[in-house]
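Encoded as C-alpha cells, the structure appears first; notes follow it.
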Amino acid sequence: MFYTSTRGDNNKVTAAQAIVKGLAPDKGLYTPESIPVLSQQEQSNIPNMSYKQVANLVFSKFLTDFTNEQIDNCINNAYDNTFDNDEVAPLYKLNELTQILELWHGPTCAFKDVALQILPHFLTTAIDITNEKNDIAIIVATSGDTGKAALEGFKDVKGTKIVVMYPNTGVSLIQKQQMITQDGENVHVIAIKGNFDDAQTAAKNIFTNTELNEKLLQNHTKLSSANSINWGRLLPQIVYYVKSSFDIAQGDIDYVVPTGNFGNILAGYYAKMMGAPIGKLICASNSNNVLTDFIKTGVYDKRREFLKTLSPSMDILISSNLERLLYEISGHDSTLINSLMTELDTNGYYELPATLKEKMQQLFVAECASDIETQQAIAQCFNKYNYLLDTHTAVAYYVLEKLNNNNPTVIVSTASAYKFPTGVYTALKDCHPTVDEYQLLKDLESLTNCEIPKPIQNLEQKAVLHTLLCDKTDIDATITKLI
C-alpha cells in the first residue's frame, strides 16, 4: 500500500513515511492509493471480534510495511489500561432506532484519545521502519480536544517534542486547564491571539517553510503532525465505525457526526468504502455551518463571521480533511484539488463541478444547530432518556431529531459532558450559572447523578505549567525557539 498527495506530488510514499512526514511537501494530504475492501469472511467474523482484533484487521490493510507484531504492539500499548471501558468505544442504546457511540472513555475524555493514544506508537514504529535518525517535532493546532489528547499521548515519548497551539479565548476552561497543566519534559503549549483557523494555517505554513525546515534539520529535528492531516491520526478512527456498524447488524446504519475539521466523519466514509454496513453519513454542524452550506450547495465559502459557540471544538471554518474526500470522489484528480484549494486560499471560496456535488450528496447529508437548539437537545435527551450529552454530541442529537430519520442510526458522541459544564448546566437548569466551572462540575454531578470522570476530578488543583501567549504573526518564531 502506497500513499499519494492530494495535490499531485509525484513521490509515492509508504505508510511509515506518510506517518513520519505528516504533510506532503506540496501542502497536500497523504491518502492511500486505493481503499482496501474487507472480504466476506472478514466481515462475518467482525461481530465476534474484540475492539483490538478489529483494529489489527483494519490497520493491517493500510500499514503494509508494518509487521503484524509491530501493529499488535502499537494496539496493546495504546489500549491496554488507558481507557475506562474495555470496549474502548462502547455503544449505548438510547431507543429502538438510536444508539450512541461513546468515544470519550480515554484519558482526556474526548474522542481524540482513540487516535492519539496510538499515534505515538505508530510514529515511533515508523521511525524505526524508515531508519529516521532525527528527532521528530510534533506541531499541533487545536480547537480544544486534540491538544490535550496529543500532549497526553506524546508526553515523554523518546525522540519527540510536541508543541500545541490553541486559541486563547476559543476553548472551554476545562479544555484550557487540561492543556496548561500538562506535564512532560518534551511538551510545550502556546495560547495564540486568534482562532483555530489561524492556528491551523500557521501549522501548515510551518510544515512547508523550506528555510525553517532546513534550519531544523541542521539541529537534527524533523517536523510532523498529530492533527488529522496525518494519516496515522485518521486511520484509528476508521476502526470504531467498522466495529460498531457490524456489531449492530441491522442492515445499513446511518451515522450522525458532530463535525468541524471533517476527519471523524471522513473515517466513517473510509469504513463504508471498505464494506462496513453504513448508510448515510450525516454531518452535524454548529452555527459555524460552512459544511452544512457546502454539502447542500456545493459551494465552500469561508467568507463569513467566525462565531464562538457552546461547542468550541467545532468552531472551524476551514475543514482540512474535506480535501481527502474530494480527492477520493474525484477519482484522485489532484489537478482539480489543487485548483479548488488555490481558489479557497485566494478568493475564500470555491464551487464543485456538478458531477462531484452529486457524488458528495449521495454520500452525505448535512444540517446544523444553533446554541439555543443545542441546549434544547441536552435538556430533551436528559429528561427523556436520563442520558447526559455534551455540547457537541447535542448538536448531532438535534440534527437527527430535525431530520426525522427513521433508519437505525448511531450518534457519534465525541466528549464527556463534563468538559463543557457551563453549556450543559445552563441547558438543564435554564439559567446562567453564577459559579465558576470547577464548582459547576460538582453542581452538575449533584444534579444528574452522573459521576465526574477521573481525569477531570480535581483538575483545578493541578499546577499551571504553561503560560506562553503569542500573537498569530509571531507563531513561526515562537515555535522555532521552542524546538
Side-chain angles (χ1 to χ4, degrees), residues 78 82-84 102-117 119-120 138-157 161-192 195-196 199 226-228 233 258 260-261 308-316 388 390-393 413-425 436-442 444-445 450-469:
T82 53
F83 286 70
D84 66 17
E102 297 180 342
L103 300 180
W104 37 262
H105 288 277
T108 78
C109 306
F111 81 100
K112 307 295 176 71
D113 288 327
V114 179
L116 283 165
Q117 281 299 300
L119 178 59
I138 309 294
I139 310 297
V140 178
T142 184
S143 55
D145 288 332
T146 293
K148 171 60 178 178
L151 291 164
E152 189 66 29
F154 277 95
K155 72 173 182 180
D156 295 326
V157 171
K161 302 171 186 176
I162 179 166
V163 180
V164 167
M165 299 177 283
Y166 72 93
N168 189 41
T169 59
V171 300
S172 77
L173 177 62
I174 301 300
Q175 288 176 311
K176 181 175 181 177
Q177 187 74 358
Q178 283 185 309
M179 288 187 280
I180 63 177
T181 58
Q182 177 66 55
D183 59 349
E185 293 295 321
N186 63 336
V187 305
H188 303 280
V189 180
I190 307 172
I192 67 165
N195 58 40
F196 170 74
N227 283 97
S228 53
R233 230 305 285 287
N261 214 17
K308 291 181 181 179
T309 74
L310 294 175
S311 43
S313 297
M314 295 158 62
D315 289 346
I316 296 170
L388 194 60
D390 85 288
T391 52
H392 301 73
T393 309
S413 182
T414 55
S416 163
Y418 284 100
K419 294 199 77 167
F420 309 94
T422 301
V424 175
Y425 187 89
D436 66 26
E437 281 200 6
Y438 300 121
Q439 181 59 46
L440 270 185
L441 292 173
K442 299 167 187 172
L444 191 57
E445 184 177 48
C450 297
E451 186 180 2
I452 301 171
K454 287 183 180 178
I456 295 176
Q457 293 174 9
N458 304 316
L459 188 60
E460 76 274 20
Q461 297 173 14
K462 290 190 174 183
V464 172
L465 303 175
H466 306 278
T467 58
L468 189 57
L469 173 67

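Start at 1 with the first residue, then count along the sequence. Just so it is clear, the values below take in all heavy atoms, side chains as well, and ignore hydrogens, waters and symmetry mates.
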> Should M314 and H392 be marked as a side-chain contact (heavy atoms from CB on, under 4.5 Å) after you check the CA-CA gap, both sets of side-chain angles, and the distance that decides it?
Replying inline: CA-CA 8 Å; M314 295 158 62; H392 301 73; 3.6 Å; yes
> Could you go step by step and tell me if R233 and K112 meet the side-chain contact (heavy atoms from CB on, under 4.5 Å) rule?
Replying inline: CA-CA 9 Å; R233 230 305 285 287; K112 307 295 176 71; 3.5 Å; yes
>> Assess the residue pair V189 and L468 against the criterion (side-chain contact (heavy atoms from CB on, under 4.5 Å)); give the C-alpha distance rounded to whole Å, side-chain angles, the decisive distance to 0.1 Å, and a yes or no.
In response: CA-CA 7 Å; V189 180; L468 189 57; over 6 Å; no
> Does the pair F196 and D315 meet the rule for a side-chain contact (heavy atoms from CB on, under 4.5 Å), with working shown?
Replying inline: CA-CA 7 Å; F196 170 74; D315 289 346; over 6 Å; no
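Note that OH of Y418 is 6.0 Å distant from CG of L388, once rounded to the nearest 0.5 Å. Taking NZ from K454 and CD from Q457, the interatomic distance works out to 7.5 Å, rounded to the nearest 0.5 Å. Distance CG/N195 to CG/N168: 12.5 Å, rounded to 0.5 Å. Residue E437 holds its CD atom at 10.0 Å from CD1 of I456, rounded to the nearest 0.5 Å. In this structure, CG in N186 is found 5.5 Å from CG in D156, a value given to the nearest 0.5 Å. Atom-to-atom distance recorded for H188:NE2 and I138:CD1 is 12.5 Å, nearest 0.5 angstrom.
Tested against K419 for a salt bridge (charged side-chain N to carboxylate O under 4.0 Å, His left out), the candidates D390, D113, D145 yield a single pass: D145.
Contact record, G423 with L310: CA-CD2, 4.1 Å, taken as the closest heavy-atom pair. Shown here for A150 and L116, the closest heavy-atom pair between the two residues is N-CD1, 3.5 Å. Pairing each heavy atom of T414 with each of P258, the nearest pair is CG2-CG, 3.6 Å. Of all non-hydrogen atoms in Q182 and L151, the two that sit nearest each other are CG-CB, 3.6 Å. Taking all atoms of both residues into account, the shortest heavy-atom contact from I316 to S143 is CD1-OG, 4.0 Å. Of all the heavy atoms in F83 and A78, the pair that sits closest is CE1-O, 4.0 Å.
Checking Y166 against Q175 by side-chain atom types alone, no donor-acceptor pair falls below 3.5 Å. Side-chain contact check for S413 and E102: no donor-acceptor pair (N or O, by modelled atom type) lies under 3.5 Å.
Here the side chains of V424 and T391 are in contact, with some heavy-atom distance below 4.5 Å. Residues V187 and L465 have side chains not in contact (no heavy-atom distance under 4.5 Å, counting atoms from C-beta outward). The closest side-chain heavy-atom distance from I180 to K462 is not below 4.5 Å.
The stretch residues 175-184 participates, sequence neighbours left out, in these salt bridge (charged side-chain N to carboxylate O under 4.0 Å, His left out) pairs: K155-D183.
Not a single donor-acceptor pair under 3.5 Å links the side chain of N227 to the backbone N or O of T142.
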